[in-house]
Amino acid sequence: MIETEQTRQQLDPAGTLGAFAPTVVFAMIASGWAVCVTLISTGNRGTPVLDSAIVVLLALMALLFVRSASPLRAPFSSMSHLLIHATILAAFSLHAAATWGDPSEPPGGWGPYTLGIMFLAIGPYRPARELVTFGTASAIAMAVVVYIRAAATVEAPFAVAAGTIVPALAFCYGSSRYSGGVVAGLRLSRARSDQDAARLVDQLRGGISRAVRDSRVTILDRDVTPFFADLIARGEVTGEDRHRAREIAQSIREVMVADANRSWLQVAIAGLRSGQPNRFTVIDPQLVAPSASSQQRTALRAFLVAIDVDSRVESVVMQLAKDGGYPSGHLEIHSKESSAVMRNRYDPYLAVMKIEFPEFAVEAHRNTLIVRFGFDHS
Amino acid sequence: MSLGFHAPLVPDRDVAAFSRGLRTAALVLVLGAILSGFSTAGALSLSWRQAPIVILDLVALLGMVLLLAILKRTASLGLAVLYLTVGAIAVYLTTLAMGESPRAVFTNLLSLSFVKIALILVSSANGGMRRAQLWCSGGFIIAEVSSALAQLAMGDPYRFDSISFAAYIFIFLVLLLGWFSQGGGLRAQPLFEKAARDELIFDLRHRIELNAAALLHDTILNNLAVIATALPGPLSAKVRAQLALDLETLSGEEWMTPVEPLPAIGDDLWRQSPLNQAVFDGRAMGLTVEVTGDLPAVYRVSPEAGVALGLAVKQCLANVALHSGSNWAEVTVHASAEELLVMVVDTGRGFVELEVGADRLGLRTSVRQRIATVGGTVQIWSTPGRGTSVVIRIPIDQPSDLLVAGAPVSEDPVCEPHSAPPRVGGVT
């Protein structure tokens, strides 16, 4: 079985936020430059329909790129990557048709450069192997188009075709190398983190075990120990003993039920340190919170702490329920600030949640930010 | 100590990965220059004798390829300077070679630009984006000066290379944006660290509490139930011994210590297993318990999971004895490559799980949650009047080829536990 390659965005969604602005810039440069070249040349060659189609396709490519790279639409999918390639190739083929037989036009035009710049931007979002595969395939397709077009006008069409696609290939392999290197670095960090976590568990296990044991023994010492000791000493069971046994069993069950029902979310809320715990309301009548995975809990915990330390937040309501049988959450944050400012501040947390929760959406309404998330659809 | 949930990339490592990416791009450009330039020479039937400078150019370009390959593995200041030097020579020779084959102007221009851009793409390792910008600017200046000198040597006027200048501006912009975009998630990282640590501690405590609760249920609550339903009169020796054992166990330290590894795999696997102990205890409750299946497979789960399985099955058998109205049960063991499957079946009166009171903790605490703490799942099929089947699934920890071949399969083994059965009250 081939292991699915991971991307920087999947391993470090908060860190990849920084790549979004350059991605937008590169997408604008890649398409903007090609659009400008096309618009400047269109008056000379008289192919307005083809040129219009090229401009539309390039604009679509830029839009698709920016939309796919948005942290709130993460992760950047393989299908989006494929569509971007298809759009560029389609626009490039139209460009070749529009400039057919014109020796004054460079054989490759803007194509290999647009493709190359796109690769530069996509490195953090797609895995190394996919970048190489798609990039090589697109470069070969471009080379074929260039070769066919150049064969009619130049002496060395193969050299022209090979030379033309070099920039695209260079940035394709460079981007792939970057993606692979970054993912390897993140995996190394994560492996070290796992070791640290294992050490921390070893350090804490003894203390926590003793604390749990002491709390249980305290409960037992109060009722059970004297009762059993008395029974053993007397050597007989009476009707009163039977009644007492039921009472003790019931009280122990109540404690155990309370323990079993206490969720990580209640503990997390109780542990907030702002001194204003009343701002938080958690509604979880179906005990959905335990459905969250460890990574999902960590993402939510971090988000809650970030909200907690924000004094401008007035109230937070989290509702968890089974929506159509699937556990999901609805988080409303009411603040003195606008939702746009809140969204910007909480970007890293939302980016991580977007990766961790299979269903995720953010809505902004004036001073309220609404976050919806689904735990699992398996 | 860092728990590094979504551990961010250390900025230096990000720059290093970026530098390696740029060097890879440079390598492809130089190879592209070689391919493009020499395929042009071939297509135009230029002989080596006609263009000796081309051979020298090839040597310099191959030197660049070699240095880039080395730089990709071990970057150092000396190697970077050497690369710039060899690159400057290559640009000089490529510019001269361009003059030898004036017919293929387009591909020659491309080849020259590729070599120049390959010089611009050199970047220092682990020096930060600003340092990379300085190297990039240095590469551009050296490339342009070298090209200008070659043009001067040929007696040509200086021609400004707009392609490589555009590439330089673009790469400079890339490095600038990269510098600004660094550390996007770093400001949130302390909270992720704290959240990861809190989650780790909660999970550890929760698992310990679940074990404690399950043990409490198996011992104290079960015995309180025995007392509550006993007829008034003398305490039986068995119950008295059980109460004394409960007091001793719960006040001692042993039940909270980690599980020791199970004994090495040998020919009496089944006897030593916690599951066998559970069957033994079930028979002691007055049940007829039949055991079938791939019994040694119980050792293919972790020691913690083995103990949890034994205790869960014991609770299932206790439920059969207490609630089913039947005195017969079957325990079946199967294993696939991924999971161990243990089924406890009875033909008793059955029940509706949803109707079981929230305070009845046997199935919930001693079976479901206990198995969940070791990564397993529990399914229950029960129909009133037609018996109950409890299916426990636990992920396999080791492959079957580590087990001894020929161990008992599909037979009713002796259930007397080994003289030193594994401890059953551990914390996982």
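Worth knowing before you read on, the calculation uses all heavy atoms, side chains too, and leaves out hydrogens, waters and symmetry mates. Just so we're clear, the structure is a prediction, and the values are computed from it rather than from any experiment.
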Under 3.5 Å, which donor-acceptor pairs link side chains of residues 231-238 of chain A to any protein atom two or more places apart or in another chain?
{"residue": "Arg234(A)", "atom": "NE", "partner": "Asp230(A)", "partner atom": "OD1", "Å": "3.4"}
{"residue": "Arg234(A)", "atom": "NE", "partner": "Asp230(A)", "partner atom": "OD2", "Å": "3.0"}
{"residue": "Arg234(A)", "atom": "NH1", "partner": "Glu236(A)", "partner atom": "O", "Å": "3.4"}
{"residue": "Arg234(A)", "atom": "NH1", "partner": "Asp241(A)", "partner atom": "OD2", "Å": "3.1"}
{"residue": "Arg234(A)", "atom": "NH2", "partner": "Asp230(A)", "partner atom": "OD2", "Å": "2.9"}
{"residue": "Arg234(A)", "atom": "NH2", "partner": "Asp241(A)", "partner atom": "OD1", "Å": "2.9"}
{"residue": "Arg234(A)", "atom": "NH2", "partner": "Asp241(A)", "partner atom": "OD2", "Å": "3.1"}
{"residue": "Thr238(A)", "atom": "OG1", "partner": "Glu240(A)", "partner atom": "N", "Å": "3.4"}
{"residue": "Thr238(A)", "atom": "OG1", "partner": "Asp241(A)", "partner atom": "N", "Å": "3.1"}
{"residue": "Thr238(A)", "atom": "OG1", "partner": "Asp241(A)", "partner atom": "OD2", "Å": "3.1"}

- Please walk me through it: do Leu265(A) and Phe202(B) pass side chain to side chain contact (heavy atoms under 4.5 Å, CB included)? CA-CA 10 Å; Leu265(A) 190 55; Phe202(B) 173 84; over 6 Å; no
* To do: Report the C-alpha distance between Leu200(B) and Leu204(A) in whole Å, list the side-chain angles of each, state the deciding distance to 0.1 Å, and finish with yes or no for side chain to side chain contact (heavy atoms under 4.5 Å, CB included).
  => CA-CA 10 Å; Leu200(B) 194 72; Leu204(A) 296 176; 5.8 Å; no
Hits for side-chain contact (heavy atoms from CB on, under 4.5 Å) against Arg177(A), two or more places apart or cross-chain, chain-then-number order -> Arg20(B), Thr24(B), Lys72(B)
In Å, rounded to the nearest 0.5 Å, how long is the span from [atom1] of [X] to [atom2] of [Y]?
X	Y	atom1	atom2	value
Leu235(B)	Phe228(A)	CG	CZ	10.0 Å
Phe170(B)	Phe171(A)	CZ	CZ	6.0 Å
Ile307(A)	Leu191(B)	CD1	CG	11.0 Å
Arg197(B)	Asp196(A)	CZ	CG	9.0 Å
Leu304(A)	Asp198(B)	CG	CG	11.5 Å
Asn223(B)	Ile248(A)	CG	CD1	12.0 Å

Segment of [X] engaging chain B (4.5 angstrom heavy-atom cut-off):
X	result
Phe26(A)	side chain
Ser263(A)	backbone
Val267(A)	side chain
Ala249(A)	both
Phe303(A)	neither

If one checks every heavy atom of Leu27(B) against chain A at 4.5 Å, the contacting part turns out to be neither
Looking at [options], which has the largest count of heavy-atom pairs under 4.5 Å with chain B?
options	result
Pro157(A), Ala268(A), Ala21(A), Ala170(A)	Ala170(A)
Ser179(A), Ser175(A), Ala245(A)	Ala245(A)
Tyr346(A), Tyr173(A), Tyr349(A)	Tyr349(A)

Minimum heavy-atom separation for [X] and [Y], please, with both atom names.
X	Y	value
Ser294(A)	Glu199(B)	OG-CG, 3.8 Å
Arg253(A)	Leu221(B)	CG-CD1, 4.1 Å
Val182(A)	Ala17(B)	CG2-CB, 3.6 Å
Phe192(B)	Pro348(A)	CZ-O, 4.0 Å

Most heavy-atom pairs under 4.5 Å with chain A, out of Ala167(B), Gly21(B), Pro232(B), Ala228(B), belong to Ala228(B)
Answer key: most heavy-atom pairs under 4.5 Å with chain A among Ala237(B), Ala230(B), Ala244(B), Ala118(B) is Ala230(B)
What I'd like to find out is whether the side chain of Phe227(A) reaches to under 4.5 Å of the side chain of Leu243(B), using heavy atoms alone. no
